[in-house]
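We name chains A, B, ... by the order of the sequence lines, and we start the count at 1 in each one.
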Amino acid sequence: MPEIAEVETVVRSLRRRLLGGRIRRVEIYDPKLRGFDAARLKGRVIRDVQRAGKEIVIDVSTPKSPRWWCVHLRMTGALLWRPGGIPPTDRHLRLRAALDRGALFYFDSRRFGVMRLCASPDEFAPAGIDPLSRDFTIERLADLLRGAKTAIKPWLLRQDRLVGFGNIYASEVLFAAGIDPRRPAGGLSAREIKRLHRATTHVLLKAVECGGTTISDFADCDGECGGYQRYLKVYGREGERCRRGDGRIIRLVQQGRSTFYCPSCQQ
DNA sequence: CTCGGAGCCTGTCTGC
DNA sequence: TGCAGACAGGCTCCGA
């Protein structure tokens with residue numbers, strides 16, 4: 001489900017709710033999460049909540065025992081905070097963490113989500129550059145793109161060079177940059193790379209500001225839906241008129257995933 | 001390096 | 001109403 005803007009939104013909402021809270025009890029309801037050492041969380045205080053790529057990182061370190069509780073929501077994972085600790089009715093409840101003033105519930109219908117306890121930041125440090133960080137410059141982007149033969153859209157989905165893109169924002173950013181998703185990544189001109197950089201920053205910041213994109217059920221930990229779906233220009237709009245020019249939105253499949261674009265605005 | 005396909009899982013929607 | 005098939009926002013593995 002969530003891409004960088006949605007994970008950032010969840011992280012911010014979690015930070016508001018969890019900071020300083022002490023974990024009293026953790027219950028796991030999904031055998032797939034058996035490998036997760038939930039017992040080690042008990043008694044720990046939540047020091048911070050950060051984002052590492054698309055992963056949520058909850059710092060539960062003590063001076064003698066550094067530990068980070070890492071959650072990757074993948075497609076359908078969701079974290080919800082309930083002040084009273086009463087769970088929302090959902091048969092996909094996979095984990096419950098009770099704190100002093102409420103409880104955190106983890107849901108995941110498809111069970112693609114991953115949870116782990118890390119002992120060092122090296123274990124969750126993303127390989128790629130975060131497009132919302134200062135490291136994301138035009139020069140770095142140009143370096144990464146150099147020589148790449150893959151089409152730019154599937155290239156954006158690879159997390160080992162840039163982190164955080166998913167299927168929605170990859171299409172949206174390319175539309176904003178006016179670049180055809182089938183173009184070889186390494187074949188973009190300096191001017192196009194500049195446009196891609198600018199579009200990435202612009203689209204992702206706006207999406208974060210809106211609290212992410214809710215197409216079916218994304219929400220932050222308070223159950224608040226995102227608002228960026230109002231601004232989607234191409235994603236999910238196959239056959240509709242382009243909002244900018246005269247074209248109609250086309251859907252095509254690249255490496256097994258849908259890509260949406262406007263053939264008249266994107267060259 | 002790059003690509004396509006399968007797999008991990010389950011829910012929803014479409015068409016017959 | 002039933003049922004098969006396609007499809008879904010993520011990611012990893014394999015073989016060609």
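Using P as the reference atom, B:dA6 and C:dG5 are 15 Å apart when rounded to the nearest Å. C:dG9 and B:dT14 have their P atoms separated by 16 Å, with the value rounded to a whole Å. For the C1' atom pair drawn from C:dG10 and B:dC1, the interatomic distance equals 22 Å after rounding to whole Å. Taking atom P in both C:dC7 and B:dC9, the straight-line distance is 22 Å, to the nearest Å.
Here the side chain of A:Arg257 is nearest to one of C:dG9, C:dA8, B:dT10, namely C:dG9. Picking from B:dT10, C:dC11, C:dA8 the nucleotide with the shortest atom distance to the side chain of A:Tyr235 gives C:dA8. Side chain of A:Ile215, nearest nucleotide from C:dG9, B:dG11, C:dC11: C:dG9. Residue A:Lys32 places its side chain closer to B:dC8 than to any other of C:dG10, B:dG11, B:dC8.
No more than 12 heavy atoms of other residues, nucleotides or ligands sit less than 6.0 Å from atom CZ of A:Arg25. Environment of CZ in A:Arg244: crowded, with over 12 heavy atoms of neighbouring residues, nucleotides or ligands closer than 6.0 Å. With a 6.0 Å radius and a threshold of 12 heavy atoms from other residues, nucleotides or ligands, A:Arg101 has its CZ atom at or below the threshold. Within 6.0 Å of atom CG in A:Asp246, 12 or fewer heavy atoms from other residues, nucleotides or ligands are found, so the atom counts as exposed in its surroundings. Residue-environment remark: NZ (A:Lys194) stays at or below the threshold of 12 foreign heavy atoms within 6.0 Å.
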Practice problem: Begin with the C-alpha distance, continue with both residues' side-chain angles, and end with the deciding distance and a verdict on ring-ring contact (aromatic ring centres under 6.0 Å, His included) for A:His197 and A:Phe136. | Solution: CA-CA 8 Å; A:His197 179 269; A:Phe136 181 59; 4.5 Å; yes
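Rounded to whole Å, the distance from CG on A:Asp30 to P on B:dC9 is 9 Å. Atom pair A:Leu157:CG and C:dC11:P shows a separation of 9 Å (rounding to whole Å applied).
A:Thr213 comes within contact range of at least one nucleobase, with a heavy-atom separation under 4.0 Å. A:Tyr169 comes within 4.0 angstrom of nothing in the nucleic acid, heavy atoms only.
When both pairing distances are held under 3.5 Å, C:dT12 makes a Watson-Crick or G-U pair with B:dA6.
The two residues A:Arg110 and A:Thr76 come nearest to each other via the heavy atoms N-OG1, 3.0 Å.
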Check nucleotides 3-5 of chain B against the protein and report each pair of N or O atoms closer than 3.5 Å, with its distance, or say if there are none.
| unit_1 | atom_1 | unit_2 | atom_2 | d |
| --- | --- | --- | --- | --- |
| B:dC3 | OP2 | A:Thr150 | OG1 | 3.2 |
| B:dC3 | OP2 | A:Gln255 | NE2 | 2.8 |

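Under the 3.5 Å distance criterion, with hydrogens and angles disregarded, no donor-acceptor pair is assigned to the side chains of A:Arg40 and A:Ser65.
Note: A:Glu6 CD to A:Thr214 OG1 = 7.5 Å, rounded to the nearest 0.5 Å.
The stretch residues 105-112 of chain A touches DNA chain B through A:Ser109, A:Arg110, A:Arg111, A:Phe112, each having a heavy atom under 4.0 angstrom from the strand.
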